[in-house]
Visitor: 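Just passing along the structure, written as structure tokens.
Heads up: numbering here begins at 1 and tracks the sequence.
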Amino acid sequence: MKTTIRSVAEFRTALAAAVMASLYFTGAAAGHAAAPTYRKIQVTDKFWAEGAAIADFNHDGRMDVVSGPFWYEGPDFKQRHEIWPATASFQRARAEGGEETVPGFEGALGTKNAYSECFLTFTHDFNGDGWPDVLVIGFPAKEVWWYENPQGADGPWPRHLVFETVGNESPEFRDLTGDGRPELLCCALGRLGYLEADWKNISAPWTFHPISPEVPKNAFPRFTHGIGAGDLNGDGRLDILEKDGWWAQPASRAGDPVWTKHPVPFAKAAAQMLVYDVNGDGLADVITALNAHGYGLAWYEQVRIGGDILFRPHLILNPNATPNRDGVSFTQLHSLALADIDGDGLMDIVTGKRFWAHGKQGADPESDGHPALLYWFQLQRRTGGEVAFIPHLIDRDSGVGTQVTVGQIQSAARPDIVVGNKKGLFVFLQQPGAPPAAK
């Protein structure tokens, strides 16, 4: 049961007690209803990208997937098409002696650590011709491009520069300004902000709008972890989140003013930062990984005390190797997504273990010898305002990359999941007939 809190001091005392109580709670798991099942398709075992997206690229009425330099035709994803020249390859030793050339970047098919030139992928019809285009976030601090769909024609897609250097390991593509068109939340030039297109001249480079001050210099370097957006203060404008707090969007963005920062220690190194009213009390809460390269997953309950907006953390996965109450523990939760997986009207969390984030022998805990897990956590609202996130294992041999995408591929009623990472490209199709979970 919740305790009535009347002051910020009481909140901080209760907060410390709640964190310690939940950290080591490993009680027996309760019984759970049957969960949806998935059919797994490994589209390729080559490592081309750590992100993927969904769209109907050829206008045949069937959804396709894109990851790295290729898009793959649905519904079986066997036919691939090149978006830009796929020239990456590496050498590996043959079992019978000698070496062979393997297409793609070095990942699970090799032994050394390597990174792709595609961290995240988004789709949008940028030029308004009715055909979905592709936005590619490359390696942090390198260029970002959007690729123009040639309306079904073969050959490389025309590319257009978005910005010369874009940082952050989990940029978000969404409508931040409320004009009905998406912007790219990111870091650039050492500052936090967003990139906005000139929709009257979409081929022109985009404009960066910083929201953080110029000093301290390079406060947001290229490998910054974590960013998100949501209306936290209820003024109807989306605010921007980062691992150390949230920045309130002002009433006017004219002249690129510095937004007001509200410090909150959300995470050591976050991934995607999701905003959702978890407990249904009308206040926006925050969901994020505590450490994208370590342990921990939490949701932060918004609490109002007078004019103060505070956040009470609730652990879903512990910030160490201690299993949670359902016996679940894994590391490197480097991407998250929100989706109503079971059709009960509540948004669930999809996440997993980023396979070899820093390589087979990386410094991250459980870098090797542990399965590449993919999970969804079912939100259940219970009496008294309490909630629970029930873990459901989807797969043990795929994991996530720096992006995990949930969307409709085969049916508008059943969300599917797409993952691109160092193990390849995977599509998980939710199977019909799964019983709906109780609200």
Side-chain angles (χ1 to χ4, degrees), residues 43-53 66-70 82-92 101-122 134-145 147 159 162-173 184 186-188 220-227 269-272 289 291-294 331-336 351-368 370 372 374 398-405 418-426:
V43 179
T44 179
D45 61 356
K46 307 300 188 296
F47 171 37
W48 289 107
E50 297 230 38
V66 57
S67 185
F70 301 108
E82 193 174 72
I83 297 175
W84 70 84
T87 58
S89 64
F90 67 95
Q91 300 295 120
R92 71 173 178 182
T101 300
V102 181
F105 299 91
E106 188 161 2
L109 298 181
T111 57
K112 299 176 183 177
N113 185 34
Y115 299 99
S116 74
E117 291 295 333
C118 180
F119 265 47
L120 297 96
T121 300
F122 301 99
V134 174
L135 176 69
V136 175
I137 314 298
F139 193 80
K142 289 194 174 183
E143 302 95 338
V144 167
W145 305 87
Y147 290 82
R159 73 174 185 174
V162 172
F163 206 70
E164 292 182 351
T165 173
V166 174
N168 201 296
E169 295 200 12
S170 51
E172 185 169 343
F173 188 56
L184 182 65
C186 62
C187 305
F220 293 91
R222 63 175 178 165
F223 295 121
T224 295
H225 282 72
I227 197 169
Q272 283 79 7
N291 187 344
H293 292 284
T331 65
Q332 303 181 81
L333 288 77
H334 211 299
S335 60
L336 300 92
T351 187
K353 182 183 182 70
R354 181 185 173 194
F355 177 72
W356 287 3
H358 287 146
K360 185 176 182 179
Q361 305 299 330
D364 303 336
E366 302 182 6
S367 286
D368 192 28
H370 292 77
L374 180 63
S398 56
V400 297
T402 48
Q403 181 183 28
V404 56
T405 298
V418 181
V419 172
N421 63 12
K422 295 182 181 181
K423 276 184 171 288
L425 175 62
F426 301 88

Visitor: Does Leu333 offer a backbone N or O that forms a donor-acceptor pair with the side chain of Thr351 under 3.5 Å?
Guide: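 No, Thr351 side chain to Leu333 backbone: no donor-acceptor pair under 3.5 Å.
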
Visitor: Hey, does the side chain of Lys353 reach the backbone of Glu366 with a donor-acceptor pair shorter than 3.5 angstrom?
Guide: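 Checked: pair present.
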
Visitor: Closer than 3.5 angstrom, by distance alone: can the side chain of Glu106 be matched with the main-chain N or O of Lys112 as a donor-acceptor pair?
Guide: yes

Visitor: Could you check His225 against His334 for side chain to side chain contact (heavy atoms under 4.5 Å, CB included), going step by step and ending with a plain yes or no?
Guide: CA-CA 9 Å; His225 282 72; His334 211 299; 3.5 Å; yes

Visitor: Of all heavy-atom pairs between Thr331 and Pro365, which one has the smallest distance, and what is that distance?
Guide: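 Nearest heavy atoms, Thr331 then Pro365: OG1-O, 2.9 Å.
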
Visitor: Do any N or O atoms from the side chain of Thr165 and from the backbone of Ala141 form a donor-acceptor pair under 3.5 angstrom?
Guide: yes

Visitor: Quick one: closest heavy-atom pair of Leu109 and Lys46, and the distance?
Guide: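 So the minimum-distance heavy-atom pair works out to CD1-CD, 3.7 Å.
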
Visitor: Between the main-chain N or O of Leu336 and the side-chain N or O of Gln272, is there a donor-acceptor pair closer than 3.5 Å?
Guide: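 Answer holds: yes.
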
Visitor: Measure the CD-OG1 distance between Glu50 and Thr402 for me, rounded to the nearest 0.5 Å.
Guide: 5.0 Å

Visitor: Could you tell me if the side chain of Ile83 sits less than 4.5 Å from the side chain of Val136, heavy atoms only?
Guide: no

Visitor: With a 4.5 Å limit on heavy-atom distance, are the side chains of Val400 and Asn421 in contact?
Guide: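 They are not in contact (no side-chain heavy atoms under 4.5 Å apart), so the answer is no.
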
Visitor: Just verifying a value: how many Å separate Thr87 OG1 and Glu117 CD, rounded to the nearest 0.5 Å?
Guide: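 Rounded to the nearest 0.5 Å, the OG1-CD separation comes out at 9.5 Å.
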
Visitor: Can Gln332 and His358 be counted as having a side-chain donor-acceptor contact under 3.5 angstrom?
Guide: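 No, no side-chain donor-acceptor pair sits under 3.5 Å.
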
Visitor: If you compare all heavy atoms of Ile227 against all heavy atoms of Pro171, which two are closest, and at what distance to 0.1 Å?
Guide: CG2-CA, 4.0 Å

Visitor: Parallel, tilted or perpendicular: which fits the ring planes of Phe173 and Phe122, with parallel below 30° and perpendicular above 60°?
Guide: tilted

Visitor: Taking the six-membered ring for Trp and the single ring otherwise, decide whether the centroids of Phe105 and Phe90 are under 6.0 Å apart.
Guide: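 No, they do not, as the ring centres are separated by 6.0 Å or more.
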
Visitor: Measure the spacing between CD1 of Ile137 and CH2 of Trp145 and express it to the nearest 0.5 Å.
Guide: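 So the CD1 of Ile137 and the CH2 of Trp145 are separated by 13.0 Å.
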
Visitor: Side chain of Gln403, backbone of Thr121: donor and acceptor closer than 3.5 Å?
Guide: yes

Visitor: Answer yes or no: is there a donor N or O on one side and an acceptor on the other, between the side chain of Lys422 and the main chain of Arg354, under 3.5 Å?
Guide: no

Visitor: Show your working on side chain to side chain contact (heavy atoms under 4.5 Å, CB included) between Trp356 and Asp368 and close with a plain yes or no.
Guide: CA-CA 7 Å; Trp356 287 3; Asp368 192 28; 3.8 Å; yes

Visitor: Within the side chain of Thr44, is there an N or O that forms a donor-acceptor pair under 3.5 Å with the backbone of Leu425?
Guide: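 Checking the backbone N and O of Leu425 against the side chain of Thr44, no donor-acceptor pair under 3.5 Å is found.
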
Visitor: What's the shortest heavy-atom distance between Ala86 and Pro69, and which atoms?
Guide: CB-CG, 3.7 Å

Visitor: Do the rings of Trp48 and Phe70 sit parallel, tilted or perpendicular, given the 30° and 60° boundaries?
Guide: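 Judged by the thresholds at 30° and 60°, the geometry between Trp48 and Phe70 is perpendicular.
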
Visitor: Kindly state whether the ring of Phe223 and the ring of Phe139 have centres lying under 6.0 angstrom apart.
Guide: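 So the answer is yes for these two rings.
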
Visitor: For Glu164, does the CD atom have more than 12 heavy-atom neighbours from other residues, nucleotides or ligands under 6.0 Å away?
Guide: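 At most 12 heavy atoms, drawn from other residues, nucleotides or ligands, come within 6.0 Å of this atom.
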
Visitor: Please answer whether the main-chain N or O of Ala49 pairs with a side-chain N or O of Ser67 as donor and acceptor at a distance below 3.5 Å.
Guide: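 No, because the side chain of Ser67 does not come within donor-acceptor range (under 3.5 Å) of the backbone of Ala49.
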
Visitor: Any chance you could measure Leu120, atom CG, to Asn168, atom CG, to the nearest 0.5 Å?
Guide: 9.0 Å

Visitor: So, Gln91 versus Thr101: side-chain donor-acceptor pair below 3.5 Å or not?
Guide: yes

Visitor: What are the two closest heavy atoms between Cys186 and Val166, and how far apart are they?
Guide: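 Nearest heavy atoms, Cys186 then Val166: CB-CG1, 3.6 Å.
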
Visitor: What closest approach, in Å, do Glu169 and Pro140 show between heavy atoms, and which atom pair accounts for it?
Guide: CG-CG, 4.2 Å

